[in-house]
Student: 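Before I ask anything, here is the structure I am working with.
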Amino acid sequence: MPRRPLDDDDDADEVPLDPAVERIRQRLKRLIVISSATLLVGLGAVLVAVIYKIGRAEDKAVLATQSGEAVITGALPAGATLLATALDGRLMALTFSEAGSLRVVVVDLSTGAVVRRARLSEAPPVSAQ
């Protein structure tokens with residue numbers, strides 16, 4: 001059978017679809033539009049989150065390089081044993097033992113001020129009833 005060239009008259013020769021098949025085609029078309037929109041919204045959200053995280057990099061506190069030694073007074077009491085330290089850009093947590101109890105002090109490194117003090121204690125024993 002010889003091939004006919006494509007022309008606009010082919011659309012006029014097509015038989016209209018059965019109403020049931022047309023409804024299924026419309027549902028499928030709607031499903032594809034909804035799925036595509038959902039995919040685009042999701043990709044947009046991921047892109048916005050990445051840009052937000054990258055843009056916030058300059059907001060993070062970074063210790064300025066300084067020569068010399070920073071002296072923070074009043075953070076540790078006399079006779080305390082320093083057990084651990086943790087640094088978070090602008091805050092430093094000092095964990096120490098004093099008179100048998102465990103304590104934590106949080107110091108703001110930019111000002112040298114004690115931000116928070118905490119005493120860690122054991123949980124009371126649970127009584128069985």
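In what follows, residues are counted from 1 in the order of the sequence shown.
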Student: Please tell me whether V114 and L91 are part of a single hydrophobic cluster in this structure, the criterion being side-chain heavy atoms less than 4.5 Å apart.
Tutor: no
Student: In sequence, state the C-alpha distance, the side-chain angles, and the governing distance for V115 and V107, and then conclude on side-chain contact (heavy atoms from CB on, under 4.5 Å).
Tutor: CA-CA 5 Å; V115 177; V107 178; over 6 Å; no
Student: Sort and list the pairs that fulfil salt bridge (Lys or Arg N to Asp or Glu O under 4.0 Å) and have at least one residue in residues 23-44, not counting sequence neighbours.
Tutor: E22-R25
Student: How many angstroms lie between atom CD1 of I24 and atom CG of D18, to the nearest 0.5 angstrom?
Tutor: 9.0 Å
Student: Going by side-chain contact (heavy atoms from CB on, under 4.5 Å), name the residues that satisfy it together with V41, two or more places apart in sequence or in a different chain.
Tutor: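 Here no residue qualifies.
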Student: Partners of L102 by side-chain contact (heavy atoms from CB on, under 4.5 Å), sequence neighbours excluded?
Tutor: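 Per chain and number, L102 pairs via side-chain contact (heavy atoms from CB on, under 4.5 Å) with L83, T95, L120.
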Student: Quick one: which residue pairs count as a salt bridge (Lys or Arg N to Asp or Glu O under 4.0 Å) with a foot in residues 94-109, not counting sequence neighbours?
Tutor: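 Every salt bridge (Lys or Arg N to Asp or Glu O under 4.0 Å) pair that includes a residue of residues 94-109, provided the two are not neighbours, is R90-D108, E98-R103.
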Student: Going by side-chain heavy atoms closer than 4.5 Å, which hydrophobic residues are tied to L43, directly or by a chain of links?
Tutor: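 Besides L43, the cluster holds L39.
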Student: Shared ILVMFWY cluster between L109 and V105, side chains joined below 4.5 angstrom?
Tutor: yes
Student: Could you check if a side-chain atom of V104 sits within less than 4.5 angstrom of a side-chain atom of L94, using non-hydrogen atoms only?
Tutor: no
